[in-house]
Number of protein chains: 2
Amino acid sequence: MSRSCKFAVAVHIASLLATSPGQALTSDWIAGSVNTNPVVVRRLLSALAKAGLVASSRGSNGGSTLARSPERISLLDIHRAVEADDGPALHHQPPNPACPVGRNIQSVLVRVMDRAEAAKEAVLATTTLAEVTGALAAAEK
Amino acid sequence: MSRSCKFAVAVHIASLLATSPGQALTSDWIAGSVNTNPVVVRRLLSALAKAGLVASSRGSNGGSTLARSPERISLLDIHRAVEADDGPALHHQPPNPACPVGRNIQSVLVRVMDRAEAAKEAVLATTTLAEVTGALAAAEK
DNA sequence: TGTAACTGTTACCGGTTCGATTACATAAAT
DNA sequence: ATTTATGTAATCGAACCGGTAACAGTTACA
């Protein structure tokens, strides 16, 4: 396993909540659909709750629901909630400031990589959770 | 150090080669500008050579040069050369096929994440190495 | 010819991230 | 009280990355 699949699982979780409106789902039940451990689900639910996308209640009959309607939750909201944003991945050690390339490459790279990341996020921003559940329903029939 | 900075270093290396046209640079010299180990540089040069972006000659007076002009090398070329493309990061374990969400979420996710990745790559594809070195020169004055 | 310079590749170490798992404190319904 | 949940910390194994040493192969040149 190479990269993080937190985003994929978080969208999965949010889709489950969106298709069970008004009903609180437990981390155990969600884990059964995702096919993973309930603690993994709770960690992601915790991140989604901190971002204000999900509300959880504890105790018996507890569980989680969406904090707002699926039309008003974008995949970028979910992505930002569960994946850390460390900015573009630059050199570990600062390049040689005595070299004309070395002393300027990072600022140039940041500009380009930020633009590329913004283009990616624009796609996620214009895709709503409601569109995802719509596509899920369309795939069923 | 969390993520890979291979792309950043590879663009750095390519910029050095682009600003020394016709002159073969050694991995030792390049490592001095990048501020890292020559083997790290050679690993990236090897990947760039396999992608046909760089030509290297061995032995005394050896070194590396660009295999084509900086105007005809895009940052996407460099990105594809040094960073593995594993496709979108989906679930480790396959989701539960007995669940309507679980059995369809991955195909829906692939469509969205592929679109997002394509948007990012479009930015890198329209940025040439020549533009990078132009920005480097502009930052100098 | 032989030596110095340079590439190409492998192997290994130390640090970090990730998912899975166990454990346990806390909270709420009945 | 007991049961059912969440919330969170700790730990484990696997994977990836950058740095480093080691070494084989190649080329220029004295």
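Below, read A as the first sequence line, B as the second, and so on, with proteins coming before strands; counting in each chain starts at 1. Any value given below was found using the heavy atoms of this structure, including those in side chains, with hydrogens, waters and symmetry copies removed.
The side chain of T36(A) places an N or O atom within less than 4.0 Å of a non-bridging phosphate oxygen (OP1 or OP2) of dA20(C). S4(B) has a side-chain polar atom (N or O) that falls below the 4.0 Å cut-off from OP1 or OP2 of dG18(D).
Listed in residue order, the members of residues 7-34 of chain A having a heavy atom less than 4.0 Å from DNA chain C come to none.
Nearest-nucleotide mapping onto DNA chain C: of K50(B) and G62(B), the residue sitting toward the 5' end is G62(B). Sequence order on DNA chain D of the closest nucleotides to N61(B) and E83(B) puts E83(B) first from the 5' end. Along DNA chain C, the nucleotide nearest V40(A) and the nucleotide nearest G63(B) are compared for position; the residue whose nucleotide lies closer to the 5' end is G63(B). Each of S46(A) and G59(A) has a nearest nucleotide on DNA chain D; the 5'-most of these lies closest to G59(A).
Considering only side-chain atoms of S60(B), the nucleotide from dT27(D), dT20(D), dG18(D) that sits closest is dT27(D). Listed nucleotides: dT10(C), dT27(D), dG18(D). Nearest to the side chain of C5(B): dG18(D).
Transitive grouping of hydrophobic side chains (ILVMFWY, heavy atoms separated by less than 4.5 Å) brings L66(A) and L44(A) into a common cluster.
Atom-to-atom, NE2 of H92(A) to C1' of dG19(D) comes out at 11 Å; the value is rounded to the nearest Å. The CG atom of L48(B) sits 11 Å away from the P atom of dG8(C) (whole-angstrom rounding). Rounded to whole Å, the distance from CG on N37(B) to P on dG19(D) is 7 Å. When rounded to the nearest whole Å, the span between CZ of R43(B) and P of dG19(D) equals 9 Å. In this structure, H91(A) places its NE2 atom 11 Å from P of dG18(D), rounding to the nearest Å. Counting to the nearest Å, the C1' atom of dA24(D) and the CZ atom of R42(B) are 12 Å from each other. In this structure, CZ of R3(B) is placed 15 Å from C1' of dG18(D), rounded to the nearest angstrom. Taking atom CD of residue Q93(A) and atom P of nucleotide dC17(D), one finds them 18 Å apart after rounding to whole Å.
The pair R103(B)-E140(A) meets the salt-bridge criterion, since a charged nitrogen lies less than 4.0 angstrom from a carboxylate oxygen.
Using a distance-only test at 3.5 Å, with no hydrogens or angles considered, no donor-acceptor pair links the side chain of S20(B) to the main chain of Q23(B). The backbone N or O of A130(B) sits less than 3.5 Å from a side-chain atom of T133(B), completing a donor-acceptor pair. Looking only at distances, a side-chain donor or acceptor of E131(B) sits under 3.5 Å from a matching main-chain atom of T128(B). Distance alone, capped at 3.5 Å, is enough to place a donor-acceptor pair between the N35(B) side chain and the P94(A) backbone. Judged by distance alone, the side chain of T126(B) and the main-chain N or O of V123(B) form a donor-acceptor pair under 3.5 Å.
Side-chain N/O atoms of R58(A) and base N/O atoms of dT26(C) include a donor-acceptor pair closer than 3.5 Å.
Residue pairs meeting the salt bridge (charged side-chain N to carboxylate O under 4.0 Å, His left out) criterion with at least one partner in residues 32-57 of chain A, sequence neighbours excluded, do not occur; the list is empty.
Among the heavy atoms of the strands lying under 4.0 Å from S57(B) are primed sugar atoms or P, OP1, OP2 only; no base atom is included.
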